Each structure stands twice: as C-alpha cells, then as structure tokens.
Amino acid sequence: MNVSIIGSGYVGTTVAACLAELGHDVVNVEIDEEIVEMINAGEAPIHESGLAERIAAHAGTTLRATTEYDAVRETEVTFLCLPTPQTDDGSLDLAIMEAGAESLGRALAEKDDEHLVVVKSTVLPGTTEDVVGPVLERESGTEIGDGLALAMNPEFLRMGTAVRDFLEPDKVVFGTADDEAAATLRELYAPILERAETDLVETEIREAELIKYANNAFLASKVSLVNELGNIAREYGADAYEVLEAVGLDERISERFMRSGLGWGGSCFPKDVNALRAGAREQGYDPELLDAVVAVNDEQPRRLVGLLADHVSLSGARIAVLGLSFKPGTDDVRKSRALDVIAELTARGADVVAYDPVAIENVRPDYPDIEYADAAESALAGADGAVVATDWPEFDDLSFDGMARAVVVDGRRIDIDEAALDVYEGLTW
Ligand SMILES: NC(=O)c1ccc[n+]([C@@H]2O[C@H](COP(=O)([O-])OP(=O)(O)OC[C@H]3O[C@@H](n4cnc5c(N)ncnc54)[C@H](O)[C@@H]3O)[C@@H](O)[C@H]2O)c1
Ligand SMILES: O=c1ccn([C@@H]2O[C@H](COP(=O)(O)OP(=O)(O)O[C@H]3O[C@H](CO)[C@@H](O)[C@H](O)[C@H]3O)[C@@H](O)[C@H]2O)c(=O)[nH]1
C-alpha cells in the first residue's frame, strides 16, 4: 500500500521505517530539511534500537522523505504524526495539528480518488472529527464520507524500544467511522495483526482517542500509587520493593510498572495527564484523582533532596547528580525528574556536578551554570553527596570511593554496595 506519514519525529520515523519493513511504500513529509536529508541518505534522525538498520535497508526504495506535501497525492493513506504539546495552562495545544491538516487538505484538493487520513498523534476525544476533519474538508473541498475518510489509530510505543513496540504490540486500536477505513487499516497492519500476541481493538474514533489518554493516565497513576505506597513504606521502615513485588504477584495488578522512586517524566505522561485533566475540567468534571497523581509525582524530587539534606548541609556542598535522561536508554530529558532535582539542589545553594552517559548535551543549554563530568567517577570525585536520578545499568556496582564523604540518596533503586558507603538512603525503601 502507498502510505504517507506527516511528521518525522519519534513516532513518524518509527512508523514509516516499520511500515516500509512490512512491505509498504512509504513517504515521510517533514518540515525539517535536516531530517529529510538524513532519511533519504539512509540514516536515522533519532536514536532508537533497530531503527537505523531499517532506514538503511529501505531508504531510496520503499522509504523516502520530502518537505513537499504534494507527495501525499501518490498515496492512499496519510498518518498524522505531529506533536500535540501542552499550553502553559496544561491544556492540549492543537496549533501544529491544525497547520498540518491545513497543508494536507490543500495537497488533497488536487487528488481525485479516495483518501484515508489517520490521526496517530495523541489527541483528546472529538479532535479528529471536530477539528482535523473540518480543516481537511475546508482546504480540500472534499467531504468526509464522500472521497475523504477519517480514522484514529493511537500509538503506544515507548522511547528506547519504539521499533519493537510498534512491530510487536500488545494491542492495536482502530477508531473508525466506516467499514472501508477499518478494512484499509487491517490490510496495512496485516503482519502485525497476524501475531497471536496482538489484540485488535476496533472501535469508534472518540473511544480510540480516549483509550490513549486512559492508558497513559493509568500507567502514570500506577507509578504515583507505588510512589505513595513507597513513601508510606519508608515511614514504617519497610522495603517498598519487597512489598510491591508481592503485590504484583496478583494477576489483577501485575508486576510491571511497579518501580517506586523519583517518579515519571518524559515527553508523554506529563503532557497527556495534564491535557486529560484540563479536558475533563472543560467538560465540567473535576479530576481529583489525576490532580493527586501529579502532586505525588511533583513531590518526589523534593523528598529526595530533603533526604540528602538530612545528612549534608547543602549550601556550598558539591553534589553529584547521576543520570539526566527521563529514563535509561534514551537521551531525552523532557520533563526528566533529574532536572527537578537539579533545580531543587541549586535553589538550596548546592554546587551540582552532573553526569549522564548520553544526555548531557540536551541539558547544558538550559543549565549552563552547573558542572558536567565525562564519567560517573569524575562526577563523584570529591563530592559531599550524590543522588541517583536515572537507573542507567552502568551505575550498578559503581565505586563511590572518590567522594569526600560517601552519602548517596538513591531515587531509582540501583544495585549499590551499601556497606561500602558512609550513608545510603533509598527514596522509598
Ligand atoms: N514519542 C513517543 O514516545 C510517543 C509515543 C506515542 C504517541 N506519541 C504522540 O505522537 C505525536 C508525535 O510525537 P513525537 O514524539 O513523534 O513528536 P516529535 O516532536 O518527535 O516529532 C514531530 C515531528 O513533526 C514535525 N513537524 C512539525 N510541524 C510539521 C508540519 N506542519 N508538517 C510536517 N512536519 C511537521 C517536526 O519537525 C518533528 O520532526 C504526539 O501526539 C505524541 O504525544 C508519542
Ligand atoms: O515502574 C516504573 C515505570 C516507569 N517509571 C517512569 O515512568 C516514566 C515513563 O516511562 P515509560 O513508560 O517507559 O516511557 P515512555 O517512553 O514515556 O512511554 C510512555 O509514553 C508513551 C507516549 O505516550 C506511550 O506510548 C507508552 O506506552 C508509555 O509507556 C519514566 O520517567 C520512568 O522512569 C517509573 O518511575 N517506574
């Protein structure tokens, strides 16, 4: 099938390379020329395991990129993989989606045969049909249901495992308003749907939109709940990891997403939970539980720095921050909890020296005044205290010998030889 993908970021590039891998002819439409050039040169514009090989294998044959929206006319289906950021008040900002839909609609004005537009971006219920649809109709001069069809197909891939998550998902969700759109999506995803492990959910557009938010709200809430239970466990002198491991044996709960500590960050959970809260309020519902989920998450970095302050006088102290990315395996620092830890430490007068195996250059522009180390041991050398903010595997079994005083507060439960330290504090254990 001939497919166009609008937006070639984490999602668009992964989906394009994977659909090419599944045998489709794919074109990425992207405004960033550098990304377009990289894809056409057979290189991956982002770091994701398995992505570079797939782009290299298909670029120039079944995968190409362009800045020109006209390319969509050679395709039957277009996926919108554009960013849906949050505004200052946390609500969903649809400006980029509207601009993309406008350009797409204009390009489709000169296309005669049927076209299916699939929203893959994370958008609140109603967006596909009440915002994207009308813009497409206006710009293309074609009506939905009469030459133009709409669908919503949320994406559940995680950063770091994007390719595997897309090709081997737990579930695929198709939100459609007509049988033909559903049949097209089934054909497009056929090899993925043939896997016994893939559940297919076919529903209407509004439900598909909400499934994505409910999914992320559930996972973020689960982590906030294990953090609250962890905070309580700590007050009782109990080990939350032992407690939650036992709790996770209950199949209704599952052992996954049970790691308590510094909390959740990244480009999705914070913005999606906030968009759902703002959307719910707009609908007249007060989402008290989700408000608390965010409040618990916001408090964890302060709790961690508070624990450190119990042992180190922070003003003028040299504090090593180990890990900057929002989770291991990525250089993404968007809404990383490590940044809140740094802000809290510097507000309390500490001199921060930070280390991360891959993410330093993404932090430096916004935090030019802190020190950066090129190895974990260098960050620790002479430090009065250290905090673990990201659970990078390379921090396991790290030697803290070079510290002025080995005071370590662990926000991620890494593997540390506690006996070799002067002070070891676990955030929730
Ligand atoms: N990153 C994830 O892990 C993930 C997972 C599931 C869902 N999502 C959702 O998918 C959507 C896209 O997220 P992302 O992480 O891929 O975003 P991103 O910021 O990585 O990529 C978006 C791309 O769109 C391009 N772009 C912006 N305006 C454009 C336009 N008018 N025309 C063409 N290209 C344009 C940008 O240059 C950028 O390369 C969001 O709604 C996000 O919430 C993201
Ligand atoms: O037990 C856990 C699991 C996760 N986290 C934290 O939660 C955040 C998010 O982790 P993860 O879900 O692995 O990362 P993302 O790549 O942001 O993926 C989420 O967000 C994507 C974008 O919407 C969705 O597609 C994915 O399904 C969803 O897992 C990170 O800060 C983790 O450190 C914990 O603190 N404890």
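Note that the numbering runs from 1 along the sequence shown for the chain. Not measured: the values here are computed from a predicted model. In each ligand, atom 1 is the first atom listed, and ligand 1 is the first ligand listed.
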Based purely on interatomic distance, does [X] place a nitrogen or oxygen under 3.5 Å from a nitrogen or oxygen of ligand 2?
{"X": "Phe326", "result": "yes"}
{"X": "Gly265", "result": "yes"}
{"X": "Lys327", "result": "yes"}

Measuring from non-hydrogen atoms of [X] to any atom of ligand 1, is the shortest distance under 4.0 Å?
{"X": "Lys120", "answer": "no"}
{"X": "Ala99", "answer": "no"}
{"X": "Ser103", "answer": "no"}

Short side-chain donor-acceptor distance under 3.5 Å, [Y] and [X]:
{"X": "Asn215", "Y": "Lys171", "answer": "yes"}
{"X": "Glu209", "Y": "Thr127", "answer": "no"}
{"X": "Thr84", "Y": "Lys271", "answer": "yes"}

Between [Y] and [X], is there a salt bridge with N-O shorter than 4.0 Å?
{"X": "Arg277", "Y": "Asp291", "answer": "yes"}
{"X": "Arg206", "Y": "Asp130", "answer": "yes"}
{"X": "Arg64", "Y": "Glu74", "answer": "yes"}

Counting only N and O atoms by type, is there a donor-acceptor contact under 3.5 Å from the side chain of [X] to the main-chain atoms of [Y]?
{"X": "Ser325", "Y": "Thr330", "result": "yes"}
{"X": "Asn216", "Y": "Ala220", "result": "no"}
{"X": "Glu30", "Y": "Asp32", "result": "yes"}

>> Counting only heavy atoms, tell me which of Tyr10, Phe166, Phe156, Tyr69 gets closest to atom 32 (N) of ligand 1.
In response: Tyr69
> Between the candidates Pro83, Gly12, Ala95, which shows the shortest non-hydrogen contact distance to atom 22 (C) of ligand 1?
Replying inline: Pro83
> Is the count of non-hydrogen atoms from other residues, nucleotides or ligands lying under 6.0 Å from His47 atom NE2 greater than 12?
Replying inline: no
Heavy-atom gap [X] to ligand 2 smaller than 4.0 Å:
{"X": "Cys268", "result": "yes"}
{"X": "Lys212", "result": "yes"}
{"X": "Arg412", "result": "yes"}
{"X": "Gly263", "result": "yes"}
{"X": "Thr122", "result": "no"}

Which of the numbered atoms in ligand 2 are under 4.0 angstrom from any heavy atom belonging to [X]?
{"X": "Phe156", "result": "24 (C), 25 (O), 26 (C), 27 (O)"}
{"X": "Leu157", "result": "21 (C), 24 (C), 25 (O), 26 (C)"}
{"X": "Met258", "result": "1 (O)"}
{"X": "Trp264", "result": "6 (C), 7 (O), 8 (C), 31 (O)"}
{"X": "Asp272", "result": "23 (O)"}
{"X": "Met159", "result": "16 (O)"}
{"X": "Glu155", "result": "25 (O)"}

Among all the protein's non-hydrogen atoms, which is closest to [atom], and how far away is it?
{"atom": "atom 3 (O) of ligand 1", "value": "Met159 CG, 3.3 Å"}
{"atom": "atom 38 (C) of ligand 1", "value": "Glu30 OE1, 3.5 Å"}
{"atom": "atom 24 (O) of ligand 1", "value": "Gly7 CA, 3.5 Å"}
{"atom": "atom 18 (P) of ligand 1", "value": "Gly9 CA, 3.9 Å"}
{"atom": "atom 12 (O) of ligand 2", "value": "Phe257 CZ, 3.1 Å"}
{"atom": "atom 43 (O) of ligand 1", "value": "Lys271 NZ, 2.7 Å"}
{"atom": "atom 6 (C) of ligand 1", "value": "Glu155 O, 3.2 Å"}
{"atom": "atom 12 (C) of ligand 1", "value": "Leu82 O, 3.5 Å"}
{"atom": "atom 41 (O) of ligand 1", "value": "Thr84 OG1, 2.6 Å"}

When you look for heavy atoms under 4.0 Å from ligand 1, do you find them on the side chain of [X], its backbone, both, or neither?
{"X": "Cys81", "answer": "backbone"}
{"X": "Val11", "answer": "both"}
{"X": "Ile35", "answer": "side chain"}
{"X": "Leu157", "answer": "both"}

> Parallel, tilted or perpendicular for Trp429 and Tyr424, by the 30°/60° rule?
Replying inline: tilted
>> Out of the candidates Gln300, Arg303, Arg234, Glu228, only one should pair with Thr428 under the side-chain contact (heavy atoms from CB on, under 4.5 Å) rule; please name it.
In response: Gln300
> Picking from Ile5, Val3, Val29, Val27, what satisfies side-chain contact (heavy atoms from CB on, under 4.5 Å) with Thr75?
Replying inline: Val27
Which segment of [X] sits under 4.0 Å of ligand 2 when only heavy atoms are counted:
{"X": "Asp165", "result": "neither"}
{"X": "Thr390", "result": "neither"}
{"X": "Arg337", "result": "neither"}

>> Please determine whether side-chain contact (heavy atoms from CB on, under 4.5 Å) holds for the pair Glu48 and Met159, giving the CA-CA distance in whole Å, both sets of side-chain angles, and the decisive distance to 0.1 Å.
In response: CA-CA 7 Å; Glu48 276 297 334; Met159 311 207 24; 4.0 Å; yes
> Less than 4.5 Å apart, any side-chain heavy atom of Cys18 and any of Val163?
Replying inline: yes
> Can Asp340 and Arg302 be said to form a side-chain contact (heavy atoms from CB on, under 4.5 Å), step by step?
Replying inline: CA-CA 8 Å; Asp340 296 286; Arg302 276 194 287 273; over 6 Å; no
> What heavy-atom pair brings Thr390 and Gly323 nearest, and what distance separates the two atoms?
Replying inline: OG1-C, 3.2 Å
>> Would Arg158 count as being in polar contact with ligand 1, using the rule that some N or O on each side must be under 3.5 angstrom apart?
In response: no
>> Before we go on, tell me: are the rings of Tyr189 and Phe166 under 6.0 Å apart, centre to centre?
In response: yes
> How far does CG of Asn28 sit from CD1 of Ile39, to the nearest 0.5 angstrom?
Replying inline: 4.5 Å
>> Nearest 0.5 angstrom please: Phe156 CZ to Ile211 CD1, how far?
In response: 6.5 Å
> Are Phe79 and Leu188 close enough, and set up right, to give a side-chain contact (heavy atoms from CB on, under 4.5 Å), and what steps lead you there?
Replying inline: CA-CA 12 Å; Phe79 282 85; Leu188 201 65; 3.3 Å; yes
